[in-house]
Amino acid sequence: LKWEEIMDDQKVILQMTSTQVQEDGQQAVMELTTAATLHKTKDAAVLEYEETGDSGLTGQAVIELKGDTVMLSREGEASMRLILKQGCKYVSTYSTPFGRLDMEALPTRVMYAMGEAEGRIELEYHMHVQNQYVGLNRVSVQFHHTA
C-alpha cells in the first residue's frame with residue numbers, strides 16, 4: 001500500500017455492490033454509484049459518502065481501512081457500526097427509527113488494495129440479527145479519482 005501517494009481529501013467515484021445470500025439460496029443485490037471523499041490519515045484511509053437505503057432512510061456512511069480491519073459505519077435515520085477483521089466475531093446494535101436490533105457479524109473475507117488512482121475492497125461475512133441467521137453478505141467496493 002502506498003499511502004503517501006494518496007492526497008488528502010480527494011474526490012472519488014464509489015461503486016458498491018452488496019449481495020445478501022439467504023439460507024435458502026435466494027439473493028438480494030443492491031448497487032450504489034455515488035460521489036465520495038477519500039481522506040488519508042497517518043495509518044488509515046477513510047471513504048465518506050451519502051447513502052440511501054432501500055427503505056428510503058438516508059445517512060452518512062463511512063468506510064475506514066486500517067491494517068487488517070475494515071470498519072463500516074452509518075449515521076443518520078438508521079445507525080450502525082461494523083468492524084470486520086477476518087475470523088473475528090463482531091457484536092453491535094443497529095438503531096432504526098423503529099427500535100434497536102442486536103446484530104453479529106463473522107467475516108470470512110476482508111481484503112482491500114489501493115493504488116495511485118483507485119482502490120478496491122472485498123468483504124464477505126455471515127450476519128445474525130436478533131440471534132437469527134440472515135445470510136451471507138458479500139460487499140464489493142471500487143473507487144477511482146474523478147477526472
Side-chain angles (χ1 to χ4, degrees), residues 1-55 57-76 78-96 101-130 132-147:
L1 297 176
K2 297 180 180 177
W3 299 118
E4 66 278 0
E5 295 176 5
I6 301 168
M7 307 289 279
D8 284 344
D9 293 348
Q10 290 187 68
K11 297 296 181 197
V12 296
I13 299 297
L14 180 142
Q15 296 170 294
M16 178 185 297
T17 302
S18 178
T19 305
Q20 185 179 68
V21 182
Q22 299 168 357
E23 275 190 291
D24 61 8
Q26 289 188 29
Q27 293 189 15
V29 179
M30 293 182 300
E31 293 185 345
L32 172 70
T33 300
T34 189
T37 303
L38 175 64
H39 306 284
K40 181 190 132 184
T41 65
K42 182 180 174 189
D43 59 354
V46 179
L47 287 161
E48 290 186 33
Y49 59 97
E50 289 291 324
E51 185 178 66
T52 302
D54 285 347
S55 62
L57 300 174
T58 59
Q60 182 72 22
V62 175
I63 301 171
E64 181 178 326
L65 311 171
K66 185 175 181 178
D68 58 358
T69 303
V70 175
M71 185 197 62
L72 307 174
S73 63
R74 188 171 196 274
E75 295 295 329
S79 299
M80 68 92 175
R81 178 179 165 120
L82 273 181
I83 297 176
L84 301 173
K85 181 175 179 176
Q86 194 156 326
C88 295
K89 179 168 66 170
Y90 182 72
V91 178
S92 185
T93 303
Y94 184 54
S95 299
T96 75
L101 301 171
D102 293 327
M103 65 180 194
E104 181 180 296
L106 179 60
T108 54
R109 179 171 168 80
V110 178
M111 188 283 303
Y112 63 88
M114 296 184 67
E116 284 185 51
E118 73 284 324
R120 187 177 58 134
I121 306 164
E122 298 290 334
L123 306 170
E124 186 176 274
Y125 54 96
H126 294 277
M127 182 67 104
H128 288 79
V129 176
Q130 297 296 95
Q132 295 289 319
Y133 182 69
V134 294
L136 176 69
N137 289 344
R138 289 189 187 109
V139 179
S140 178
V141 178
Q142 293 186 340
F143 56 93
H144 55 86
H145 302 308
T146 55

S.K.: Calculate, to the nearest 0.5 Å, the distance between atoms CG and CD belonging to Leu106 and Glu124 respectively.
M.R.: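 The distance works out to 10.5 Å.
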S.K.: How long is the straight-line distance from OH of Tyr49 back to OG1 of Thr34, given to the nearest 0.5 Å?
M.R.: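 Rounded to the nearest 0.5 Å, the OG1-OH separation comes out at 8.5 Å.
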S.K.: Scan Lys66, Glu64, Met71 and name whichever one has a side chain to side chain contact (heavy atoms under 4.5 Å, CB included) with Ile83.
M.R.: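 Answer after filtering Lys66, Glu64, Met71: Met71.
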S.K.: Any side-chain heavy atom of Phe143 within less than 4.5 Å of one from Ile121?
M.R.: yes
S.K.: Using 0.5 Å steps for rounding, measure from the CD atom of Gln86 to the CG atom of Asp68.
M.R.: 9.0 Å
S.K.: Of His126, Glu104, Gln22, Glu23, which meets side-chain hydrogen bond (donor to acceptor under 3.5 Å, both in side chains) against Tyr133?
M.R.: His126
S.K.: Hey, could you give me the CG/CD1 distance between Leu123 and Ile63, rounded to the nearest 0.5 Å?
M.R.: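 The CD1 atom of Ile63 is 7.5 Å from CG of Leu123, to the nearest 0.5 Å.
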S.K.: Do the side chain of Glu48 and the main chain of Thr37 share a donor and acceptor less than 3.5 angstrom apart?
M.R.: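 Not a single qualifying donor-acceptor pair exists.
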S.K.: Rounded at 0.5 Å granularity, tell me how far CD in Gln60 sits from CD in Glu75.
M.R.: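 So the gap between those two atoms works out to 9.5 Å.
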S.K.: Taking side chain as C-beta onward, heavy atoms only, is Met30 less than 4.5 Å from Gln20?
M.R.: no
S.K.: In Å and rounded to the nearest 0.5 Å, what is the CD to OG distance from Glu122 to Ser140?
M.R.: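 So the gap between those two atoms works out to 3.5 Å.
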S.K.: Less than 4.5 Å apart, side chain to side chain, heavy atoms only: is that true for Met103 and Val134?
M.R.: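 Side chain of Met103 against side chain of Val134, heavy atoms only: no contact under 4.5 Å found.
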S.K.: Would a distance-only check, ignoring hydrogens and angles, find a side-chain to backbone donor-acceptor pair under 3.5 Å from Gln130 to Asp102?
M.R.: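 Checking the backbone N and O of Asp102 against the side chain of Gln130, a donor-acceptor pair under 3.5 Å is found.
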S.K.: Is any side-chain heavy atom of Ile13 closer than 4.5 Å to one of Thr33?
M.R.: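 Yes - at least one pair of side-chain heavy atoms lies under 4.5 Å apart.
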S.K.: Does the side chain of Tyr94 come within less than 4.5 Å of Val129's, by heavy atoms?
M.R.: no
S.K.: Side chains of Arg81 and Tyr90, heavy atoms from C-beta outward: is any pair under 4.5 Å?
M.R.: yes
